[in-house]
Amino acid sequence: MRLHIRTIILTAIAALFLVTPLDVHAQRGEKSVGLRAGFTTRNTTAAAGLYFSYRFTEHFRFAPKMDYAFRHYGTDAFLFNFDAEMPIALNPEKTVNFYPIGGLNYSTFSTHKQVIDTAESIDSSERTNHFGLNIGAGIEFFPTQTLRLMLESKCLLMKQNTGGWINIGIGYRF
């Protein structure tokens, strides 16, 4: 099973290198905005969010992101990430980039508890806030000059609620 998955991943990466869409060059001041969806290992649930990125140089961009982890096992969260990304072109046309991610995170977690008594049912919640660090990597593909597709994986490190995040995204580049 693992060999089969690795073969599919390697084939997909090789196909990305063979595709030669329009000539796309990263420029200072380039911006992108889009939607993200993924999975978090913290409470094994789906996540959705928005992102924006601004490229300061060819190899550095700032990318604030906002995500929501849907409630599962009585916990949900809002996450605000302030990431630095360093894109490295993997082909001469610069349509496929690998980028390491590092950044700061502010998270607010809600824990919902339901107490069922014979007389009444009480639903209470408790909110905790945490600061943390992000570390990870991503790969992006530009099939056209304005369309950005990406896959990211990162670890959110904090005193409590440490977990992994895997996201796919689609965005508009301008």
Side-chain angles (χ1 to χ4, degrees), residues 9 13 26-90 94 96-116 121-142 146-174:
I9 292 171
I13 291 172
Q27 296 181 0
R28 181 175 173 220
E30 173 188 285
K31 298 172 266 318
S32 64
V33 62
L35 304 171
R36 299 160 34 96
F39 178 79
T40 174
T41 63
R42 169 62 185 96
N43 59 342
T44 62
T45 189
L50 304 169
Y51 77 89
F52 173 80
S53 70
Y54 181 84
R55 188 181 293 255
F56 287 95
T57 67
E58 182 180 359
H59 296 291
F60 178 79
R61 71 177 166 223
F62 176 66
K65 301 167 186 155
M66 183 181 76
D67 294 312
Y68 176 72
F70 294 96
R71 188 185 307 183
H72 193 235
Y73 296 127
T75 302
D76 59 26
F78 278 103
L79 294 95
F80 302 93
N81 299 296
F82 305 96
D83 293 336
E85 301 174 348
M86 291 149 273
I88 301 165
L90 297 178
K94 298 183 181 182
V96 181
N97 296 323
F98 167 81
Y99 55 96
I101 302 169
L104 299 174
N105 172 279
Y106 175 74
S107 302
T108 178
F109 289 85
S110 280
T111 304
H112 304 274
K113 299 173 186 171
Q114 186 170 9
V115 179
I116 299 174
S121 176
I122 301 170
D123 187 13
S124 65
S125 63
E126 177 182 311
R127 185 163 296 277
T128 57
N129 303 316
H130 303 283
F131 286 97
L133 299 174
N134 293 321
I135 187 165
I139 190 163
E140 62 187 355
F141 175 60
F142 299 102
T146 58
L147 180 63
R148 177 182 184 220
L149 304 174
M150 59 105 159
L151 170 68
E152 284 184 0
S153 177
K154 63 183 175 181
C155 181
L156 173 57
L157 304 169
M158 58 178 54
K159 187 174 181 180
Q160 296 174 336
N161 300 317
T162 295
W165 291 76
I166 298 170
N167 287 298
I168 58 172
I170 185 168
Y172 174 70
R173 183 171 76 161
F174 52 101

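Applying the salt bridge (charged side-chain N to carboxylate O under 4.0 Å, His left out) test to every pair with at least one member in residues 158-172, sequence neighbours left out, gives no pairs at all.
Counting heavy atoms from C-beta outward, Ser107 and Met158 have side chains that approach closer than 4.5 Å. Residues Pro87 and Phe60 form no side-chain contact, since every pair of their non-hydrogen atoms from C-beta on lies 4.5 Å or further apart. Contact check for Glu152 versus Arg36: side-chain heavy atoms found under the 4.5 Å cut-off.
The minimum heavy-atom distance linking Ala69 with Asp76 is given by the pair O-CB, 3.2 Å. Between Arg55 and Asn97, the shortest heavy-atom contact is NH2-ND2, 4.4 Å. The heavy-atom pair separating Tyr99 from Arg148 by the smallest distance is OH-NH2, 3.5 Å. Across all non-hydrogen atoms, the minimal contact from Trp165 to Ala47 is CZ3-CB, 3.3 Å.
Under the 4.0 Å criterion applied to side-chain N and carboxylate O atoms, Lys94 and Glu58 are assigned as salt-bridge partners. Salt bridge status for Lys154 with Glu85: absent, with no side-chain N to carboxylate O gap under 4.0 Å.
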Run the side chain to side chain contact (heavy atoms under 4.5 Å, CB included) check on Tyr106 and Leu79 step by step: do they pass?
-> CA-CA 6 Å; Tyr106 175 74; Leu79 294 95; over 6 Å; no
Given the rule in the side chain to side chain contact (heavy atoms under 4.5 Å, CB included) test, do Leu156 and Thr162 qualify, once you have shown the distances and angles that lead to the verdict?
-> CA-CA 6 Å; Leu156 173 57; Thr162 295; over 6 Å; no
Where do Arg173 and Lys31 land on the side chain to side chain contact (heavy atoms under 4.5 Å, CB included) test, with the steps shown first?
-> CA-CA 6 Å; Arg173 183 171 76 161; Lys31 298 172 266 318; over 6 Å; no
List the steps and the verdict of side chain to side chain contact (heavy atoms under 4.5 Å, CB included) for Ile170 and Leu147.
-> CA-CA 7 Å; Ile170 185 168; Leu147 180 63; 3.7 Å; yes
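Separation of atoms CD1 (Ile168) and OG (Ser153) is listed at 13.0 Å; rounding is to 0.5 Å. Atom CZ of Phe82 sits about 8.5 Å away from atom CG of Leu104, to the nearest 0.5 Å. Rounded to the nearest 0.5 angstrom, Glu140 CD and Ser53 OG are separated by 7.5 Å. Distance CG/Leu90 to CD1/Ile139: 5.5 Å, rounded to 0.5 Å. Interatomic distance, Leu50 CG to Met66 CE, rounded to the nearest 0.5 Å: 5.0 Å. In this structure, OG1 on Thr41 lies 8.0 Å from CD1 on Ile166, to the nearest 0.5 angstrom.
Looking only at distances, a side-chain donor or acceptor of Thr45 sits under 3.5 Å from a matching main-chain atom of Phe70.
Residues Thr57 and Arg28 bring no donor and acceptor atom of their side chains to less than 3.5 Å of each other.
A tilted orientation is assigned to the rings of Phe78 and Tyr68, their planes being inclined by 30° to 60°.
Heavy-atom neighbours of Tyr73 OH from other residues, nucleotides or ligands within 6.0 Å: at or below the threshold of 12. Heavy-atom neighbours of Leu151 CG from other residues, nucleotides or ligands within 6.0 Å: above the threshold of 12.
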Please output the side-chain donor-acceptor pairs of residues 131-138 that fall under 3.5 Å, not counting sequence neighbours, one pair per line with the distance.
unit_1 : atom_1 : unit_2 : atom_2 : d
Asn134 : ND2    : Asn81  : OD1    : 2.9
Asn134 : ND2    : Asp83  : OD1    : 2.9

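Taking the six-membered ring for Trp and the full ring otherwise, Tyr54 and Phe56 have centroids separated by under 6.0 Å. For Phe174 and Tyr172, the gap between ring centers is short of 6.0 Å.
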